[in-house]
Student: 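This is the structure I have questions about; it appears just below.
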Amino acid sequence: MFRETYRNVERVLRACTGEEDVGLAGGGDHADLASTVAFKLAKKRRLAPRQIAAELAERLRARPELGDIVVEAKGPYVNFHFGETYLREGVRRALSPGYGDLPPRSERVVLEHTSANPNGPLHVGHIRNTVIGDSLARAFRKAGYPLEVQYYLNDMGRQIAIVSWGFDHLGIGRHTGEKEDHYVARVYVAANRAIEENPEITEQIDRLMQRVERGDRETVQRFRTAVAMCTEGIKKTLAALNAHHDRFVWESDFIRIGDVDRVLDRVRRLPQAHEDDTLWVDLSEFGFEKKKYILRRSDGTSVYSTRDLAYHTWKARNCDWMIDVLGADHKLIGAQLIATLQLLGERPPEIVYFEFVSLPEGSMSTRAGKFVSADELIGEVTAKAFDEVTARRPELPEAERAAIARSVAIAAIRYDIVKISPEKSTVFDWREALDFERQSGPYIQYAHARACSILEKAGAFQETFEYRTEHEVALAKHLARFPAVIEQVVQELRPHLLAAYARELADLFNTFYHYDPVLQSAGVTRTSRLTLVRAVQNTLKEALETLGIDALRSM
RNA sequence: GGGUCUGUGGCUUAGCCAGGAUAGAGCGCCGGGCUUCUAACCCGGAUGUCGGGGGUUCGAAUCCCUCCAGGCCCGCCA
């Protein structure tokens with residue numbers, strides 16, 4: 001409802017002023033929408049802004065398209081106050097199943113996220129990628145796009161060679177019950193330590209990488225076994241986080257099917273390409289300081305960038321819009337990738353960067369074994385959530401409390417991550433991770449559960465739409481914005497906007513809940529409030545699910 | 001050194017790209033509210049040179065320049 005109303009007001013303002021940019025924005029406390037176009041017109045017409053605003057308001061009031069929207073000139077501002085039609089229609093729409101879904105689109109989107117190297121478990125830095133990526137994926141589906149989510153599996157990097165070497169030479173056994181990815185990390189850390197003590201091992205690692213590049217069956221098989229094992233563990237963590245990938249793309253496949261050779265042939269023909277013992281591209285015309293962007297080593301093997309180039313040309317063939325979610329450490333190589341794709345005449349991806357998550361003692365390192373794993377985080381938060389549920393709902397059977405605790409824990413973790421703007425670097429903090437109070441996922445889940453509880457107690461009722469109190473009105477107006485938020489998240493690739501929206505909706509509902517009794521009221525007030533509660537419940541459910549959080553009916 | 005992101009009350013943070021009306025929250029602190037629809041809640045209070053300085057503008061947290069501080073990057077690693 002907000003989107004349509006905004007466009008309507010904008011259209012009428014343009015018609016009345018002849019200006020393309022009518023300075024229309026949210027009016028804060030003053031209005032539902034406000035225009036600052038009078039400032040711009042003041043200059044052109046050499047009149048006082050307040051006089052122009054007053055005249056413009058007068059003309060706007062004569063326009064039938066605005067219906068019951070009240071126009072008011074307040075100083076230089078032209079304010080718009082939405083009427084009853086907006087409230088009724090806004091709430092009515094918010095009742096429909098799948099509220100917030102936008103009309104189907106035809107552009108196929110491929111979104112890549114997480115793609116952590118399979119040399120250990122996901123840690124609290126990786127899952128910032130997961131949570132941003134999976135929330136975006138859900139928003140894209142809600143916005144009507146056909147979408148495939150991919151995990152690019154690095155199965156032939158140096159790290160994997162190190163893991164494979166470790167398995168073959170260190171004889172490290174798997175502890176009983178040890179998760180696959182944690183086991184692989186233990187081998188990886190030990191192998192790195194061995195290399196530090198005996199640098200000659202590096203030559204063996206190099207040989208392994210050359211064999212894999214040549215397609216040596218046995219070495220490839222060993223790499224694959226290690227990667228597959230680690231990936232099993234990673235998939236379990238992703239599943240626990242409610243994050244889903246449609247496809248795992250193996251990096252080495254691009255060597256195997258010849259795409260890497262083909263892309264290297266094309267690179268070689270570029271005027272910016274140079275061949276000595278290596279093959280490199282001169283990207284200085286794009287303003288890169290470092291001249292050589294190497295795509296083939298002197299020993300003839302490809303580098304990560306080469307395979308990434310092949311991966312992206314393959315992706316581009318299968319979709320209309322590519323989105324990669326990457327850590328800020330990839331900014332330079334991401335820009336180099338895009339530049340090279342442009343030289344090749346290929347469509348580049350759009351890249352969503354997020355800044356680093358560090359520990360209070362410094363940055364994380366899988367190699368040094370210095371990280372907080374996502375599994376450990378989930379475990380601790382789930383344990384805390386179980387205690388909380390048990391304290392509040394001792395009467396519930398243990399299995400039910402455990403199920404609620406799992407949902408609450410994932411809500412807390414995902415929300416904590418998604419609510420922060422991606423460009424902000426953060427320091428992982430156990431105290432914050434274990435906080436289920438305001439501005440948290442559980443807080444929003446709780447608002448939803450309360451709404452469910454009211455509706456359950458109410459039984460059947462006739463939907464009516466009479467809204468008078470400030471809390472009813474504020475809530476109804478906020479409900480009407482939801483589809484606009486989904487649209488904005490997809491346009492700007494910023495899922496934290498949805499996190500803020502959901503929290504505000506919960507805030508408004510909690511205040512309403514406190515001041516305006518629902519079940520104890522009577523007549524049309526009661527049914528209208530029940531209708532509002534139903535709309536809030538439905539919208540909270542849609543918003544939570546788009547954030548990958550379970551909309552619990554009881555907690 | 002170069003590039004890039006960040007700097008908003010004690011702490012965490014929204015707003016910045018598309019400049020507008022008293023900078024919006026949470027935690028913590030102080031004070032209040034559960035025989036009343038689930039208190040994972042609500043209400044009130046104190047707390048801000050929007051990192052510093054310059055500029056553009058009728059108007060700057062928001063745009064430009066500069067300086068300061070911190071993160072990340074600058075491999076024939078991935």
Side-chain angles (χ1 to χ4, degrees), chain A residues 21 23 25 27-31 34-36 38-39 42-43 48-49 74-77 79 117 119 154 156-160 209 251 277-280 287-290 292 294-305 307-308 327-333 335 353-356 358 363 385 388-389 391-393 408 411-412 416 419-427 429 431-432 435-447 449-458 492 494 496-497 499-500 503-504 506-507 510-511 513-521 529-530 533 554-555:
Chain A
D21 177 12
D29 300 335
H30 311 279
S35 167
T36 56
F39 287 109
K43 209 164 255 180
K74 190 107 180 201
Y77 301 93
N79 291 338
N117 289 332
N119 57 351
N154 226 288
M156 53 178 302
R158 190 162 204 94
Q159 296 98 317
I160 305 309
M209 290 175 71
E251 183 182 14
D277 52 332
T278 65
L279 173 66
W280 55 277
F288 292 106
E289 178 194 14
K290 203 178 113 234
K292 291 188 180 183
I294 290 176
L295 292 174
R296 200 192 58 221
R297 295 189 184 100
S298 51
D299 68 0
T301 59
S302 62
V303 292
Y304 163 86
S305 308
R307 277 110 57 182
D308 208 18
D329 54 336
H330 284 67
K331 274 189 181 180
L332 178 59
I333 57 171
Y353 293 105
F354 63 93
E355 292 289 332
F356 258 49
S358 56
S363 45
E388 294 281 335
V389 179
R392 288 157 218 274
R393 305 291 298 279
V408 166
D416 256 345
K419 73 178 176 185
I420 305 294
S421 311
E423 64 270 17
K424 219 104 167 178
S425 52
T426 64
V427 177
D429 180 345
R431 208 193 89 243
E432 275 171 40
D435 179 15
F436 304 151
E437 297 194 344
R438 288 192 68 166
Q439 301 202 341
S440 77
Y443 168 81
I444 302 167
Q445 285 180 307
Y446 183 63
R450 275 178 149 182
C452 287
S453 172
I454 293 175
L455 292 168
E456 199 167 307
K457 291 196 164 102
E492 302 180 14
R494 290 169 76 76
H496 83 281
L497 298 171
R503 196 211 75 227
E504 284 158 6
D507 284 345
N510 279 329
T511 307
Y513 176 98
H514 185 73
Y515 286 104
D516 296 344
V518 179
L519 295 175
Q520 280 106 322
S521 59
R529 284 182 182 167
L530 278 169
V533 172
S554 162
M555 62 186 280

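Since the model is a prediction, treat every value here as computed from it, not as a measurement. A, B, ... follow the sequence lines: proteins, then strands. Residue 1 opens every chain.
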Student: Record whether the side chain of A/D277 comes under 3.5 Å of the base of B/rC76 through a donor-acceptor pair of N or O atoms.
Tutor: yes
Student: Using the C1' atom in both, what is the distance from B/rC41 to B/rG26, to the nearest Å?
Tutor: 14 Å
Student: If the C1' atom of B/rA14 is compared with that of B/rG54, how far apart are they to the nearest Å?
Tutor: 28 Å
Student: Do you know the tightest heavy-atom contact between A/A411 and A/Q445?
Tutor: CB-OE1, 3.2 Å
Student: Over all heavy atoms of both residues, which pair between A/Y443 and A/R503 is shortest? Give the atoms and the distance, please.
Tutor: CE2-O, 4.2 Å
Student: Donor-acceptor pair, A/D435 side chain versus A/E437 backbone, under 3.5 Å?
Tutor: yes
Student: Do you know which two heavy atoms are closest between A/F436 and A/A385, and how far apart they sit?
Tutor: CE1-CA, 3.6 Å
Student: Give the minimum heavy-atom separation between A/R393 and A/S554, together with the two atoms involved.
Tutor: NH1-OG, 3.2 Å
Student: Determine, stepwise, if the pair A/L530 / A/L519 fulfils side-chain contact (heavy atoms from CB on, under 4.5 Å).
Tutor: CA-CA 8 Å; A/L530 278 169; A/L519 295 175; 4.3 Å; yes
Student: Looking at A/H496, does any N or O in its side chain come under 4.0 Å of the phosphate oxygens OP1/OP2 on B/rG15?
Tutor: yes
Student: Return the minimal non-hydrogen interatomic distance between A/A38 and A/P76, and the atom names on each side.
Tutor: CB-O, 3.3 Å
Student: Which nucleotide, in any strand shown, forms a Watson-Crick or G-U wobble pair with B/rC63, with both distances under 3.5 Å?
Tutor: B/rG55
Student: Using both distances under 3.5 Å as the test, list the Watson-Crick or G-U wobble partner of B/rC27, or none.
Tutor: B/rG10
Student: A/H330 has an atom NE2; how far is it from atom P of B/rG75, in whole Å?
Tutor: 15 Å
Student: Given 3.5 Å as the limit, does a donor-acceptor pair link the side chain of A/K419 with the main chain of A/Q439, or not?
Tutor: yes
Student: Is the shortest heavy-atom distance from the side chain of A/P517 to the side chain of A/R529 under 4.5 Å?
Tutor: yes
Student: Considering just the side-chain nitrogens and oxygens of A/R297, establish if one lies under 4.0 Å of OP1 or OP2 belonging to B/rC77.
Tutor: yes
Student: If B/rA46 has a Watson-Crick or G-U wobble mate with both distances under 3.5 Å, name it; if not, just say none.
Tutor: none
Student: Of the non-hydrogen atoms in A/I420 and A/T426, which two are nearest, and what is the gap between them?
Tutor: CG2-CG2, 4.1 Å
Student: Between the side chains of A/R450 and A/N510, does any donor sit under 3.5 Å from an acceptor?
Tutor: yes
Student: What interatomic distance, in whole Å, is found between C1' of B/rA46 and the corresponding atom of B/rG70?
Tutor: 30 Å
Student: Between B/rG28 and B/rC43, how far is it from one P atom to the other, in whole Å?
Tutor: 15 Å
Student: Measuring from the side chain of A/N510 (C-beta onward, heavy atoms only), which nucleotide among B/rA40, B/rG15, B/rC41 has the closest atom?
Tutor: B/rC41
Student: Let's see if you can work this out: which of B/rC76, B/rA78, B/rC42 has an atom nearest to the side-chain heavy atoms of A/T511?
Tutor: B/rC42
Student: What's A/I333 touching, base or sugar-phosphate or nothing? Going by heavy atoms closer than 4.0 Å.
Tutor: base
Student: Where each residue is assigned the nucleotide of RNA chain B containing its nearest heavy atom, which of A/E504 and A/P442 is assigned the position nearer the 5′ end?
Tutor: A/E504
Student: Any idea which of B/rC43, B/rA78, B/rC73 is nearest the A/Y304 side chain?
Tutor: B/rA78
Student: Please determine if a side-chain N or O atom of A/S421 lies less than 4.0 Å away from the OP1 or OP2 oxygen of B/rA14.
Tutor: yes
Student: Considering every strand and a 4.0 Å limit on heavy-atom distances, what is the contact class for A/V408: base, sugar-phosphate, or nothing?
Tutor: base
Student: Does A/E289 make a side-chain donor-acceptor contact with the base of B/rG3, cut-off 3.5 Å?
Tutor: no
Student: Assign a letter to each nucleotide of nucleotides 32-37 of chain B from its 5' end: B, base within under 4.0 Å of a protein heavy atom; S, sugar-phosphate only; -, no contact.
Tutor: ----SB
Student: Take the protein atom NZ of A/K419 and the nucleotide atom P of B/rU12, then report the distance between them rounded to whole Å.
Tutor: 12 Å
Student: Nearest to the side chain of A/I420 - B/rU57, B/rU13, B/rC42?
Tutor: B/rU13
Student: Touch check for A/Y443, heavy atoms < 4.0 angstrom, all strands: base, sugar-phosphate only, or nothing?
Tutor: sugar-phosphate
Student: Taking OP1 and OP2 of B/rC72, is either one under 4.0 Å from a side-chain nitrogen or oxygen of A/S363?
Tutor: yes
Student: Checking all strands, does A/R529 fall into the base, sugar-phosphate, or nothing category for heavy-atom contacts under 4.0 angstrom?
Tutor: nothing
Student: Across the strands shown, which category fits A/M209 at heavy-atom distances under 4.0 angstrom: base, sugar-phosphate, nothing?
Tutor: sugar-phosphate
Student: I'd like to compare against my own output: the B/S/- annotation of nucleotides 23-31 of chain B with a strict under-4.0 Å heavy-atom distance to protein.
Tutor: --BSS----
Student: With RNA chain B as reference, determine whether A/R307 or A/G27 sits nearer its 5' end, using the nearest nucleotide of each.
Tutor: A/G27
Student: Round to a whole Å and report the spacing from CD of A/E432 to C1' of B/rC11.
Tutor: 8 Å
Student: List the steps, then state whether side-chain contact (heavy atoms from CB on, under 4.5 Å) holds for A/V533 with A/L455.
Tutor: CA-CA 7 Å; A/V533 172; A/L455 292 168; 3.9 Å; yes
Student: Please measure how far the C1' atom in B/rG32 lies from the corresponding atom in B/rC72, and state the result in whole Å.
Tutor: 47 Å
Student: Has A/K424 got a side-chain N or O lying under 4.0 Å from the OP1 or OP2 atom of B/rG71?
Tutor: no
Student: What does A/S358 touch in the nucleic acid at a heavy-atom separation under 4.0 angstrom: a base, only the sugar-phosphate, or nothing?
Tutor: nothing
Student: Looking across every strand, which nucleic acid part, if any, lies under 4.0 Å from A/A34 by heavy atom: base, sugar-phosphate, or nothing?
Tutor: base
Student: Can you check the distance between B/rG51 and B/rU62, where both ends of the measurement are the C1' atom (answer in whole Å)?
Tutor: 16 Å
Student: How far does the C1' atom of B/rU6 sit from the matching atom of B/rG45, given to the nearest Å?
Tutor: 32 Å
Student: Using side-chain heavy atoms (C-beta onward) and a distance below 4.5 Å, is A/M555 in contact with A/E388?
Tutor: no
Student: What's the gap between B/rG53 and B/rA61 when it is taken at their P atoms, as a whole Å value?
Tutor: 13 Å
Student: Is the phosphate of B/rA40 approached by A/S440 (side-chain N or O, under 4.0 Å from OP1 or OP2)?
Tutor: no
Student: Would you mind pulling out the nucleotide paired to B/rA39, Watson-Crick or G-U wobble, both distances under 3.5 Å?
Tutor: none
Student: For A/E492, which contact category applies under a 4.0 Å heavy-atom criterion: base, sugar-phosphate, or nothing?
Tutor: base
Student: Applying a 4.0 Å non-hydrogen cut-off, can you work out what A/N79 is touching in the nucleic acid: base, sugar-phosphate, or nothing?
Tutor: base
Student: What I want to check is whether an N or O donor and acceptor connect the side chain of A/E251 with the base of B/rA78 at under 3.5 Å.
Tutor: no
Student: Is A/A449 touching bases, backbone alone, or none of the nucleic acid, heavy atoms closer than 4.0 Å?
Tutor: base
